[in-house]
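Taking it in order: structure first as structure tokens, then the write-up.
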Amino acid sequence: MKRILLSCLLVLSSLVPARAQPFRFTAIPDENTARLKERFDKVASYLSGKLGVQVEYVPVKSYSASVAAFKNNQVQLAWFGGLSGVQARRAVPGAVAIAQGEEDLLFVSYFIANTSTGLQPAEDFPEGIKGRTFTFGSKGSTSGRLMPEFFIRKHFNAAPKEVFRRVGFSGDHSKTLALVQSGSYEAGVLNYKVWENETRAGNVDTSKVRIIWKTPPYPDYNWTIRGDVQEKYGKDFIRKVRNAFLGMTDQDLLNAFPRTRFIPADNTIYRPILETAIAVGIIEQ
């Protein structure tokens, strides 16, 4: 009897359609880990309802790990920054950017400084940061490294290590804020959305840290999906995923990013990011 039951179970398991397999996504770890899990577990639940498949959020420890997970098909969808999205799509032929926040077309970074430096907010690039200790975010961050480095090189005509007394990489934007606010670094740079999040959370002490410069805008965050998902989940699956984001109206979900709404995206939008990454030597031609 046991053998018959086991045989039946094996036959049934072989008949389970590919669509029953979990659809997994990840996101670059750009801020507080607990906040990321809360945000993306909600997104997973939302997508499960919209797509009719089990959707799971897979946390990663670094920007490079998010790209590797996407490349190795451990996840099929990811919330990337501009640079990590470019790297992932170059590694996976057929991968496409499908959506971005309305704010992501014109994203900016904030250069910040500990108030003990005396550096003040200005319209022009902050010349006074030269010779200071300075921290970027992750080495793979668009808003915490790539674009800020571009503007630093453009202004000083020199690499960051030649501009600053000491250069660090905090790993994420929240840590950059904490390091500059504590005085561990005199100055740093982070994306403006994390600054807004941390301000709302009560983690910004303006008596210790202030914004000294806002960068010109550039394209940044995006949802990118593997092209081969259609083989497993159906030929219309990419459109369904895109529409799920474009149709996201739950204010609680949107506020978690925070984004006003999601709008369509495509690979061509991020050409300036690729060109900048090549120019500063992060990506080879």
Side-chain angles (χ1 to χ4, degrees), residues 16-101 104 137-144 171-175 191 193-194 197 220-234 237-238 240-245 248 250 252-259 262 265 270:
V16 173
R19 290 175 64 86
Q21 297 178 21
F23 177 64
R24 296 184 173 93
F25 74 95
T26 193
I28 53 173
D30 58 357
E31 58 177 317
N32 179 277
T33 303
R35 192 176 298 149
L36 288 173
K37 179 170 174 53
E38 180 183 4
R39 177 203 301 179
F40 290 112
D41 280 349
K42 290 179 181 178
V43 173
S45 179
Y46 169 80
L47 289 176
S48 293
K50 290 292 183 180
L51 303 176
V53 298
Q54 181 184 347
V55 180
E56 299 175 354
Y57 164 57
V58 179
V60 291
K61 293 184 177 180
S62 67
Y63 281 56
S64 59
S66 70
V67 175
F70 188 82
K71 177 182 178 180
N72 297 331
N73 203 20
Q74 294 167 298
V75 298
Q76 295 76 50
L77 173 74
W79 176 240
F80 285 127
L83 176 58
S84 49
V86 167
Q87 291 171 321
R89 291 189 295 273
R90 282 168 65 89
V92 182
V96 290
I98 56 172
Q100 61 181 173
D104 293 306
S138 167
K139 291 182 179 180
S141 172
T142 307
S143 53
D172 68 57
H173 302 286
S174 296
K175 289 179 183 175
N191 89 47
K193 283 296 182 183
V194 173
N197 274 352
D220 201 355
Y221 287 71
N222 58 94
W223 285 104
T224 287
I225 192 168
R226 291 177 60 100
D228 56 11
V229 294
Q230 313 233 99
E231 299 171 10
K232 184 180 294 185
Y233 301 100
F237 193 71
I238 291 177
K240 288 180 179 179
V241 177
R242 177 187 283 114
N243 286 346
F245 287 117
M248 184 183 286
D250 185 324
D252 184 45
L253 279 176
L254 292 169
N255 287 344
F257 281 88
R259 297 295 187 274
F262 286 105
Y270 300 93

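What you are looking at is a predicted structure, and each value in this text was computed from that prediction instead of being measured. For the numbers below, each heavy atom of this structure counts, side chains included, while hydrogens, waters and symmetry mates do not.
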Taking the side chain as every heavy atom from C-beta outward, state whether [X] and [Y] have any pair of such atoms under 4.5 Å apart.
X	Y	answer
Pro29	Asp172	no
Ile98	Leu77	yes
Tyr46	Val55	no
Asp30	Leu36	yes
Val58	Gln74	no
Ser143	His173	yes
Phe23	Ile225	yes

Straight-line distance of [X] [atom1] to [Y] [atom2], nearest 0.5 Å:
X	Y	atom1	atom2	answer
Lys240	Gln230	NZ	CD	10.0 Å
Asn197	Arg35	CG	CZ	5.5 Å
Thr33	Lys37	OG1	NZ	11.0 Å

For [X] and [Y], indicate whether the former's side chain and the latter's backbone hold a donor-acceptor pair under 3.5 Å.
X	Y	result
Thr142	Leu83	yes
Tyr233	Gln21	yes
Glu56	Arg24	no
Tyr57	Ala27	no

Considering all heavy atoms of both residues, which atom of [X] and which atom of [Y] are nearest to each other, and what is their separation?
X	Y	answer
Phe257	Arg39	O-NH2, 3.7 Å
Ile28	Ser84	CG2-OG, 3.5 Å
Gly81	Asn222	O-ND2, 3.4 Å
Tyr270	Asp220	CE2-O, 2.8 Å
Gly140	Tyr63	O-CD2, 3.4 Å
Phe262	Gly101	CD2-N, 3.6 Å

Does the side-chain contact (heavy atoms from CB on, under 4.5 Å) test come out yes or no for Val43 and Trp79, once each step is laid out? CA-CA 11 Å; Val43 173; Trp79 176 240; over 6 Å; no
Is there any salt bridge (charged side-chain N to carboxylate O under 4.0 Å, His left out) pair reaching into residues 63-91, and which pairs are they, with sequence neighbours excluded? none
Tell me every residue that passes salt bridge (Lys or Arg N to Asp or Glu O under 4.0 Å) with Asp104, counting only those two or more places apart in sequence or in another chain. Arg259
Which class fits the ring pair Phe40 and Phe25: parallel under 30°, tilted 30 to 60°, perpendicular over 60°? perpendicular
